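Proteins come first, then strands; the chains are lettered A, B, ... in the order of their sequence lines, and each starts at number 1. These figures come from a predicted structure and were not determined experimentally.
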Amino acid sequence: MIYTYEAAKREALEATRRAAGAEVSLSLAIPPAGVAADLAIPCFPLAAALRAAPQEIATRLAGAVKLGPLLESAHASGGYLNVTFARSAFAAGVMGDLRRLGDRYGSNDAGGGRTVVIDFSAPNVARQMSVGHLRSTIIGAALYELHKFADYRPIGDNHLGDWGTQFGTLLYAYHTWLDRAGYERDPVGELLRLYVKFDAEARRDPSLRDQARQWHLRLERGDPDARRLWQEFVRHSLAAFQQIYDLLEVRFDYTLGESFYEDKMGEVIDTALRAGVAVEDQGALIVRLDDVGIKTPLILRRSDGATLYHTRDLATAIYRIRTFHPAKILYVVGSDQRLHFQQLFATLRKLGFGDVDYVHVDFGLIQLPEGRMSTRRGRVVFLEDVLDEAITRARRLVEEKNPELSEPEKDEVAGIVGIGAIKYADLSQNRVKNIVFDWERMLALDGDSAPYLQYTYVRARGILRKAGDHIPEDPFDPGATATIPEWALITSLGKFPEVVQEAVQAYHPHLVANYLFRLAQVFHGFYHDVPVLQADTEALRRSRLQLVAGAAAVMRIGLGLLGVRVPERM
RNA sequence: GCGCCCGUAGCUCAACGGAUAGAGCACCAGCCUUCGAAGCUGGGGGUUGGGGGUUCGAUUCCCUCCGGGCGCGCCA
C-alpha cells in the first residue's frame, strides 16, 4: 500500500520528470521553515543535461508541470522547484490512512513475512545487570517491534553468557571463599563478590588462574558437582534478570544461552576442518581470514582443547539458520566487539552460510565519568538501582503535579513515566555514540524526554474524552487545514510511515524518537493555538477532533515501537 | 605501531550531498476567566576540532593532522 505522503512525493517527481522531457535523476528536499512549500526539487543537477541555468530550469518546469490530485502548485524559487500540496486532498488522504489502518498506521510490508532473528540483551550469568546492559536490551526490543511493524517475523533470542572460563573462576572462588549466609540471602550479590574477590587475589597469586582453568575443564567434562553448582548459579541469575525484564517489559521468544550449544560445537569444528576452513596452528585450531582483509584469525579451539565464544557463536548462528531459516540475523551488541563479528560473519560465509544477511547492530559504550565500567573493580552502576530511582523520581513528580489521582494510579503512572524516561533517553540518540552515564540526564523528566511525549498523548486524550470518545468520520473540512499549526500537524502525521521505514532500514530507532519529539512540539503548538471543542463551526470541530485522534494514535503507536507506554492521565 | 568509531552553541544531542546548521538543558523576559502550565511565546548565543580536496553546492564524501573512545591469537 502507498501512504498519502509517499503518493504526493511520487506525483511531484513524476510530474517533474515528464515536464523535463528527458531522462533525468531527481531528488527531493524539504524546504526550510521560512519557505511556503511542502516539497522542493533542486534543479542544479539538471543544468548540465538540459544546458540551462538552474533558475531557468526551475521556471520552465514550474510552467510545464501537470499536477496530480495531491498537488496544488509548483513555482520556481532560485534553483528550486517548490511544490505545495493540495491541502484538502492531502488531509483527506492522511485521515483516510489513519482511519483505515488504525493501530497499524505506519506499518509496511517491506519484510514480506521473512524471518529475522534478533540477538539482544545477553547479560552474563552470575553478575547483576549494569546500565551497560541497557542499550542492547532496549535497542533490541525496539528493533523487534519495528521489524514486526514492517512485516518481518522477528525472533528475539536472549543469548545468555552462561558458559565459558568465567565459571571456572567462579567455581574456584565458591569453594574457597563462599560466605554461606550471604549466598542464602542474596545469591547473585555473593557471586559478584566472589568474582571481584577472585580478580583481586589472582593479581597477587597468578597460580589461581590455573586452578580456575582446572575447574572450567571439570565443568566442560561434565563433573557432577561442577554441573550442579553451575546450574544453581544460572537459576539464581535468571530469577534476578527476570525482575529487570519485568520492569522494562521486555520479552524474548527464546533464552538459549551459550551452554545450549555445548553439544553442537563438535560438529561445527568437524565441518570447518573438512571444508579446509580451519587449520591447526600452535596447538590451536584457527580460521585464517587474511584473504577477506581480516588480519586476526578466528580461534575455534584453544590449545588446551577448550572452546571459545567464537565457536559458540558459530554454532549458534548455524543452529538459528537451520531452525528458523532467517533472512537476517541481527546482533545488538556493543561496538567493542566489531572485530569479533567481522570474523564471525566471514567464517560463516566461508562455511557456505552466505545467504543470510548478518548485521552487527553496534552501539557505543556507556562509560562512567571516571572511565570505563568495570564489574571486577566494583566500578559499576547497577541497572536495578537506576530503574528504581527513575520510578521514585517519577512518583514524586506525579504526586506534585496530580495529587488527586488514586494511589494505585499514581504508582502505575510513575512506572510508565519513569521507565519510559530511561528508555527514551537511550533510544533518542544515535546508537553509535558513546554515552557517559549521568544520573540527571538519564532520569530527566523535562525537555526532550519521554514525559514530554506522553504528555501530548494525555492532552489529546483529554480532549477526546470530553468529546465522548467518538471520532467523527466526516469528510475532512478543508477549513481545518488553513492555519499553520493545523497544517503542520497534518503533514507531520503524514510523515510517520516513512520514518518507520527508514528506522527499520537503518536499524536506527532514534529516527522514530526524533520524529515523535517533533510531532509533540507541533501538537503542543496546535493545542495552544487552535480550539477544538470550541471551534467556530461544527464541521471544524469534527475535523479537528480527527486531527487530535490522529496525533494521539501516532504518539501511542510510535512510542509503542520504542517500548514506551502512554498513560491516560499523568 | 596498525585498524575501526566519534568530534556540531556553555552542557547534552539533531540535521536523505541542498536554501538562513536546528532542538533540549542552563540563563533572561513574558503567557493560566478557553480543551491539563509535565505546556506555550520571545531573547542572547556557532570559523560544524584544524588544514587541504571532490562538487553548481559539504556538518555530510575523500586525504591529512589534532583530540577522545574501542579493538588488534588462545576472556566474553
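- B:rC31 and B:rA37 are spaced 9 Å apart, taking the C1' atom of each and rounding to whole Å.
- Comparing B:rG71, B:rC5, B:rC40 by their closest approach to the side chain of A:R372 singles out B:rG71.
- For A:V458, the listed nucleotide lying nearest its side chain is B:rG36; candidates were B:rC35, B:rG36, B:rA76.
- The pair A:E56-A:R51 does not meet the salt-bridge criterion, since no charged nitrogen lies less than 4.0 angstrom from a carboxylate oxygen.
- A:D336 places its CG atom 8 Å from the C1' atom of B:rG71, with the value rounded to the nearest Å.
- Summarising the geometry, the separation between CD on A:E568 and P on B:rA38 is reported as 18 Å, rounded to the nearest angstrom.
- Among the atoms of the strands shown, only primed sugar atoms or phosphate atoms (P, OP1, OP2) are found under 4.0 Å from some heavy atom of A:Q367.
- If you find the closest nucleotide of RNA chain B to A:R465 and to A:H310, the one lying nearer the 5' end belongs to A:R465.
- Within 4.0 Å (heavy atoms only), A:Q282 reaches at least one base atom of the nucleic acid.
- If you take CG on A:L344 and OG1 on A:T316, they are separated by 8.5 Å, rounding to the nearest 0.5 Å.
- Comparing A:P531 and A:H524 along RNA chain B, the residue whose closest nucleotide (by nearest heavy atom) sits nearer the 5' end is A:P531.
- At least one side-chain nitrogen or oxygen of A:Y452 sits closer than 4.0 Å to the OP1 or OP2 atom of B:rC40.
- The side chain of A:Y527 approaches B:rC35 more closely than any other nucleotide in the set B:rC40, B:rC35, B:rA76.
- Protein atom CZ of A:F526 is 15 Å distant from nucleotide atom P of B:rC35, rounded to whole Å.
- Here CD1 of A:I471 is found 7.5 Å from CG of A:D469. Values are rounded to the nearest 0.5 Å.
- For the 3.5 Å distance criterion, the side chains of A:S492 and A:R518 fail to qualify, holding no donor opposite an acceptor.
- Nucleic acid contact class of A:Q521 (heavy atoms, under 4.0 Å, all strands): sugar-phosphate only.
- At a threshold of 4.0 angstrom between heavy atoms, the contacts of A:L397 include nucleobase atoms, whether or not backbone atoms are also involved.
- Straight-line distance between the C1' atoms of B:rA21 and B:rG57: roughly 15 Å, to the nearest whole Å.
- If you take atom C1' in B:rG39 and the same atom in B:rU34, they sit 15 Å apart, rounded to whole Å.
- Of the listed nucleotides (B:rA38, B:rA76, B:rC40), B:rA76 has the atom at the smallest distance from the side chain of A:Y309.
- Pairing analysis of RNA chain B (Watson-Crick: purine N1 to pyrimidine N3 plus N6-O4 or O6-N4; G-U wobble: N1-O2 and O6-N3; both under 3.5 Å) yields stems of 3 or more pairs at B:1-7 with B:66-72, B:10-13 with B:22-25, B:27-31 with B:39-43, B:49-53 with B:61-65.
- A sub-4.0 Å separation between OP1 or OP2 of B:rG36 and a side-chain N or O of A:R461 is absent.
- Residue contacts shown for A:S303 include a base, since a base heavy atom lies under 4.0 Å away.
- In this structure, A:R459 is not positioned above the aromatic face of A:F523 in the sense of NZ or CZ being under 6.0 Å from the six-membered ring centre and within 45° of the axis.
- A:L308 comes within contact range of the sugar-phosphate backbone alone, with a heavy-atom separation under 4.0 Å but no base atom that close.
- Atom P of B:rU60 sits at a distance of 11 Å from the matching atom of B:rG17, rounded to the whole Å.
- By the salt bridge (Lys or Arg N to Asp or Glu O under 4.0 Å) test, A:D291 is found to be paired with A:K350, residues two or more places apart in sequence or in another chain being considered.
- Residue contacts for A:D281: at a heavy-atom cut-off of 4.0 Å it reaches a base atom on one of the strands shown.
- One finds a salt bridge joining A:R302 and A:D304 here, because a Lys/Arg side-chain nitrogen approaches an Asp/Glu carboxylate oxygen to under 4.0 Å.
- Considering only side-chain atoms of A:L339, the nucleotide from B:rA38, B:rC74, B:rG71 that sits closest is B:rG71.
- The interatomic distance linking A:F523 (CZ) with B:rA38 (P) rounds to 15 Å, in whole Å.
- Of the side-chain N and O atoms in A:K466, one or more sit less than 4.0 angstrom from OP1 or OP2 of B:rG36.
- Rounding to whole angstrom units, NE2 of residue A:H360 and P of B:rG71 are separated by 12 Å.
- Spacing of C1' atoms, B:rU8 relative to B:rG45, comes out at 14 Å, to the nearest Å.
- In summary, the aromatic rings of A:Y331 and A:F345 are positioned with their centroids under 6.0 Å apart.
- Here, B:rC62 and B:rG1 have their P atoms 23 Å apart, quoted to the whole Å.
- For the C1' atoms, the distance from B:rC4 to B:rG42 is 45 Å, rounded to whole Å.
- Classification of A:R395 and A:E399 as a salt-bridged pair holds, one side-chain N sitting under 4.0 Å from a carboxylate O.
- Residue A:H528 places its side chain closer to B:rC40 than to any other of B:rC75, B:rC40, B:rC2.
- Nucleic acid contact class of A:R209 (heavy atoms, under 4.0 Å, all strands): none.
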So if I define the base as every atom that isn't primed, P, OP1 or OP2, how would nucleotides 10-21 of chain B read as a B/S/- string at a heavy-atom cutoff under 4.0 Å?
--SSSSB-BB--
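- Protein atom OH of A:Y515 is 19 Å distant from nucleotide atom C1' of B:rG24, rounded to whole Å.
- Checked by distance alone, A:D446 brings no side-chain donor or acceptor within 3.5 Å of a matching partner on the base of B:rG24.
- Checking B:rC74, B:rC35, B:rG73 against every side-chain atom of A:V532, the shortest atom distance belongs to B:rC35.
- At the heavy-atom level, A:V530 lies under 4.0 Å from base atoms of the strands shown.
- Between A:K9 and A:E6 there is no salt bridge, since none of the side-chain N atoms of the basic residue sits less than 4.0 Å from a carboxylate O of the acidic one.
- The residues A:D477 and A:R542 are annotated as not salt-bridged, no charged nitrogen and carboxylate oxygen being separated by less than 4.0 angstrom.
- The pair A:D426-A:R431 does not count as a salt bridge, with every side-chain nitrogen at least 4.0 angstrom from each carboxylate oxygen.
- Of the C1' atoms belonging to B:rC61 and B:rC16, the separation is 14 Å, rounded to the nearest Å.
- Residue A:R312 has a polar side-chain atom (N or O) positioned under 4.0 Å from OP1 or OP2 of B:rA76.
- If you take CD1 of A:I269 and P of B:rC74, they are 17 Å apart, rounded to a whole angstrom.
- Atom C1' of nucleotide B:rC74 and atom CZ of A:R301 are separated by 12 Å, given to the nearest angstrom.
- Look at B:rC32: its glycosidic torsion is within 90° of 0, and that puts it in the syn range.
- Remark: the A:Y424 side chain and the A:D448 side chain contain an N/O donor-acceptor pair separated by less than 3.5 Å.
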